[in-house]
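Written below as structure tokens is the structure these notes are about.
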Amino acid sequence: MVSTYFSYNYISHHLKQSLTRVEQQADIAKEAAYYKANIGKVKTVDDFMKDYRLYHYAMKAYGLEDMAYAKAFMKKVLESDLSDGTSFVNKLVDKRYREFAAAFSFNGTEKPVAQSEDQTDEMIGLYTATMKKQVDALTDASNYYSSKIGSITSADDILNDDRLRNYVYSAFGIDESKWTRDTISQVLRSDPSDPNSYVSTTFTSQLSGLNAQLTQAKSDVTATNTKIADYTAQLSQPGADVNQLNVQILVEKYHLETYTKSVSSLTDQIAGIGNLVDLAGAFEFLPDGSLPPGQSAQTAANITLTKQWFDDSKSEVYAAASPLSEALAITQFRTAVVKVNSLQAFVSTPTVYNFALGSVGLDPAKVSKDTIKAVLESDLTDPKSFVYKLKDNRYVELARAFNFDAKGNLTTPLVAQDPAKVLDIAKDYVIAVVRGASTSEQKAVREQAQKDATAYQEAIGGVDSVSELLANRNLINFVLIAKGLDPKKVSTEYLKKIFASDLNNPKSFANTETDPRFAEIASSFNFDSKGNVARLPMMGPQKQTQLRETQANYLQQSLEQQQGDANPGIRLALYFQRKAGEITSAYDILADKALSEVFRTTFNLPDSMAAMPIDQQAKFVDKFMKIKDLSDPAKVEKLLGRFSAMYDIRNSDSVGQAQSPLLNLFQGSGSGLSDSTYLAIAKLRSSPR
């Protein structure tokens with residue numbers, strides 16, 4: 001029989017080939033095919049557990065095969081809310097249960113919401129920025145007007161400058177869609193005090209008639225209201241002709257509506273003429289559009305008045321941007337958005353609808369709700385969807401901020417990483433950083449690591465593509481460290497190739513690399529083939545990445561199990577290799593029977609050591625082993641090379657290694673060693689060289 005040492009080293013150096021051989025075994029391939037074909041049919045935890053093959057496949061994948069009988073217990077694990085620190089699974093010490101729960105999206109994982117907390121926070125930040133941007137734009141407009149008005153020499157100079165023209169139109173309430181450029185040009189060249197000027201003959205002359213009509217319309221409104229009140233009172237009188245009175249009331253209400261519209265229309269016409277008269281009087285242009293020699297386009301008083309009227313026309317913008325109004329709008333939005341349970345509810349809730357549109361710079365009064373519905377029902381992963389046809393990034397921004405499907409129902413957030421995966425990476429980062437710190441530094445290092453983790457959780461929610469992720473080296477470094485990789489040794493160009501790989505193709509770049517951690521990193525993100533954030537399709541209760549992880553874990557477990565059947569030492573070594581990255585302290589090793597056996601065997605410590613007080617055992621672990629080295633695959637491999645050699649020494653009879661040259665290095669003539677000799681060898685080999 002081949003020694004543990006040589007067998008482990010061969011498998012370790014040819015892990016991909018070994019896993020491929022296992023994958024191609026008929027029984028393994030059959031179970032993998034069944035799982036992939038049927039997991040998509042699962043709707044509930046009960047469905048999952050009723051299917052023996054699916055359930056046992058998954059349990060084996062996460063090293064929980066011996067707990068398959070405890071279905072009630074495992075159901076509580078699967079239904080736990082991973083984001084709740086007090087949930088059932090998060091109270092369990094054994095990390096395997098959390099890993100198992102995180103592999104599925106049953107109750108308590110991702111819930112369909114109109115907005116996630118990150119999306120709400122991002123929208124509020126956007127709203128604040130938009131309010132400030134709008135106020136800054138008004139200030140810039142006024143500054144521009146002040147800087148340009150003194151150099152104006154003709155009416156056309158104002159009309160030809162978009163910024164000046166828009167400023168003047170806003171200040172004087174001119175609706176550009178209603179009045180032609182030629183009309184406004186003639187108004188600017190008019191003198192309202194001259195009865196023969198354009199503005200006087202065309203507009204001021206109408207005021208007398210319009211005011212008379214307005215007076216009559218108001219009188220008609222009053223008279224009609226009186227009639228309606230009179231007819232209504234008669235309804236309660238004895239002998240009243242109710243039907244006739246109701247008809248008369250309906251007729252008068254119709255008249256009232258007509259008269260009321262007339263009042264509104266006439267009022268607008270009179271106000272519009274007043275605006276045109278004010279516009280004419282605010283400028284000094286001659287009838288030909290030029291200025292008198294030495295005369296500015298406006299007097300200082302009129303410049304001040306124009307700027308004041310401009311600010312008045314933007315009063316809603318200033319009001320909305322005031323600290324008090326902004327705080328109130330944010331509070332109302334936060335309270336209301338969590339209650340939105342459909343697209344229809346969204347467009348029917350002003351505190352949410354107006355806030356959301358305002359955040360991206362859209363005016364709710366100028367955009368059709370049907371358009372907004374179509375935008376929010378668009379598929380952001382489809383370049384041909386409605387939202388992209390508008391060719392306005394504000395609509396895309398709005399669609400990304402909410403989670404509605406093509407039917408207007410709630411769906412899960414569109415994020416670069418799922419919340420559970422973000423939480424796992426954050427935890428792995430803290431573990432990795434703290435593991436490398438000395439005892440005296442650990443508290444400070446942990447506090448900083450937790451701050452880094454919080455920053456990552458906040459920042460990753462804003463990532464929309466692979467290019468954005470790779471452009472933020474802090475985020476990339478965080479993920480690499482969490483995976484036990486040295487950021488200094490990983491280039492951005494290399495990562496571009498990893499993320500561009502088809503993870504479903506075993507021959508792709510990521511899947512053929514020696515270190516599988518890079519493929520694991522790529523699979524932890526929700527990017528489509530074009531590198532954009534996407535809602536990746538579900539396979540029943542699993543995303544493609546979760547399915548991939550489950551199948552990879554099943555292969556690893558199968559390899560370890562098969563090797564263990566032939567030689568338990570190889571299984572122990574492979575298990576330690578897989579778990580090394582999760583070890584943060586001596587107690588993690590001592591709490592795991594298999595890990596502690598590897599430790600004792602590696603350093604030739606007697607099994608009786610397990611009877612010592614746990615703190616004393618921990619001192620032995622810290623003496624013989626540097627925990628931070630376990631994050632380095634090369635050092636782990638070296639450690640397990642030593643373990644496998646020492647395992648052969650201890651188990652020479654059971655594994656048939658009596659003639660091994662390697663054993664002769666340790667055993668001389670092949671005679672047995674006592675516990676005390678093992679301990680002496682361990683002390684000797686662990687001493688400085």
Side-chain angles (χ1 to χ4, degrees), residues 79-87 90 101-102 105-131 320-321 323-362 364 367 369 372-380 387 394-423 426 454 456-464 526 533 535 538 543:
E79 291 180 341
S80 293
D81 183 352
L82 293 172
S83 64
D84 180 1
T86 64
S87 66
N90 284 325
S105 299
F106 287 114
N107 297 338
T109 52
E110 286 185 272
K111 297 178 181 179
V113 289
Q115 278 193 326
S116 66
E117 290 184 9
D118 286 340
Q119 286 174 308
T120 296
D121 288 341
E122 187 173 346
M123 174 147 280
I124 288 172
L126 192 60
Y127 180 84
T128 301
T130 299
M131 293 300 103
L324 185 61
S325 295
E326 190 174 290
L328 178 60
I330 290 172
T331 299
Q332 291 176 332
F333 177 75
R334 278 194 185 279
T335 302
V337 74
V338 297
K339 300 176 183 178
V340 171
N341 55 16
S342 68
L343 182 51
Q344 183 57 44
F346 169 77
V347 299
S348 302
T349 308
T351 51
V352 175
Y353 183 79
N354 294 340
F355 186 97
L357 268 62
S359 295
V360 298
L362 293 170
V367 182
K369 286 188 177 181
I372 296 301
K373 284 182 178 180
V375 163
L376 294 177
E377 289 174 348
S378 296
D379 181 358
L380 289 169
V387 68
R394 293 176 298 174
Y395 292 102
V396 177
E397 207 167 16
L398 181 66
R400 287 188 177 279
F402 288 91
N403 310 309
F404 298 107
D405 63 18
K407 296 181 179 180
N409 298 317
L410 298 183
T411 185
T412 52
L414 185 64
V415 290
Q417 272 188 325
D418 301 322
K421 183 61 67 176
V422 171
L423 191 60
T454 299
Y456 177 82
Q457 289 172 289
E458 292 175 349
I460 198 65
V463 172
D464 292 326
N526 301 323
V533 170
R535 290 188 179 92
M538 294 287 290
K543 291 185 173 67

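Only a predicted model underlies this, so the values are computations on that prediction, with no experimental measurement involved.
- Shown here for A320 and M131, the closest heavy-atom pair between the two residues is CB-SD, 4.0 Å.
- Taking all atoms of both residues into account, the shortest heavy-atom contact from T128 to E326 is CG2-OE2, 3.3 Å.
- Atom OG of S348 is separated from atom NZ of K369 by 6.0 Å, given to the nearest 0.5 angstrom.
- Atom OG1 of residue T120 and atom CD1 of residue I330 lie 11.5 Å apart, to the nearest 0.5 angstrom.
- The line from CG of N403 to CG of L410 is 8.0 Å long, rounded to the nearest 0.5 Å.
- In this pair, F404 and F346 present their aromatic rings tilted. The plane angle is within the 30 to 60° band.
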### Message
Please evaluate residues F402 and Q119 with respect to the criterion side chain to side chain contact (heavy atoms under 4.5 Å, CB included), reporting the C-alpha separation (whole Å), side-chain torsions for both, the decisive distance (0.1 Å), and the verdict.
### Response
CA-CA 8 Å; F402 288 91; Q119 286 174 308; 6.0 Å; no
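- Two residues are said to be in side-chain contact when any heavy atoms from C-beta on lie closer than 4.5 Å; R334 and V338 fail this criterion.
- Residues F355 and V337 are not in side-chain contact: their nearest non-hydrogen atoms beyond the backbone lie 4.5 Å or more apart.
- For the pair T349 (side chain) and V352 (backbone), a donor-acceptor distance under 3.5 Å is absent.
- Side-chain contact, N526 with D418: a donor N or O sits under 3.5 Å from an acceptor N or O.
- Of the possible donor and acceptor atoms, one in the side chain of R394 sits under 3.5 Å from a partner among the backbone N and O of G361.
- Smallest separation of non-hydrogen atoms from V375 and A399: O-CB, 3.8 Å.
- Atom OG of S378 and atom CG of D405 lie 12.0 Å apart (nearest 0.5 Å).
- The nearest pair of heavy atoms linking V463 to V533 is O-CG2, 3.3 Å.
- Side-chain contact check for L398 versus L376: some heavy-atom pair is nearer than 4.5 Å.
- Between V360 and T130 the shortest side-chain heavy-atom distance does not fall below 4.5 Å.
- For the atom pair L423 CG and Q417 CD, the distance stands at 11.0 Å (nearest 0.5 Å).
- Between the side chain of S325 and the backbone N or O of A321, no donor-acceptor pair lies under 3.5 Å.
- Atoms CZ and CD, on R400 and E122 in that order, are 10.5 Å from each other to the nearest 0.5 Å.
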Requested in this report: Show the numbers, then the answer: is there a side chain to side chain contact (heavy atoms under 4.5 Å, CB included) between L343 and K407?
Outcome: CA-CA 9 Å; L343 182 51; K407 296 181 179 180; over 6 Å; no
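- Side chain to side chain, T454 and E458 fail the donor-acceptor criterion of an N or O pair below 3.5 Å.
- The closest side-chain heavy-atom distance from V422 to Y456 is below 4.5 Å.
- In this structure the side chain of F106 never reaches within 4.5 angstrom of the side chain of E79, judged on heavy atoms.
- Q115 places a side-chain heavy atom less than 4.5 Å from the side chain of M123.
- Taking every heavy atom of both residues into account, Y353 and V367 meet most closely at OH-O, 4.0 Å.
- Between N90 and G85, the shortest heavy-atom contact is CB-O, 3.5 Å.
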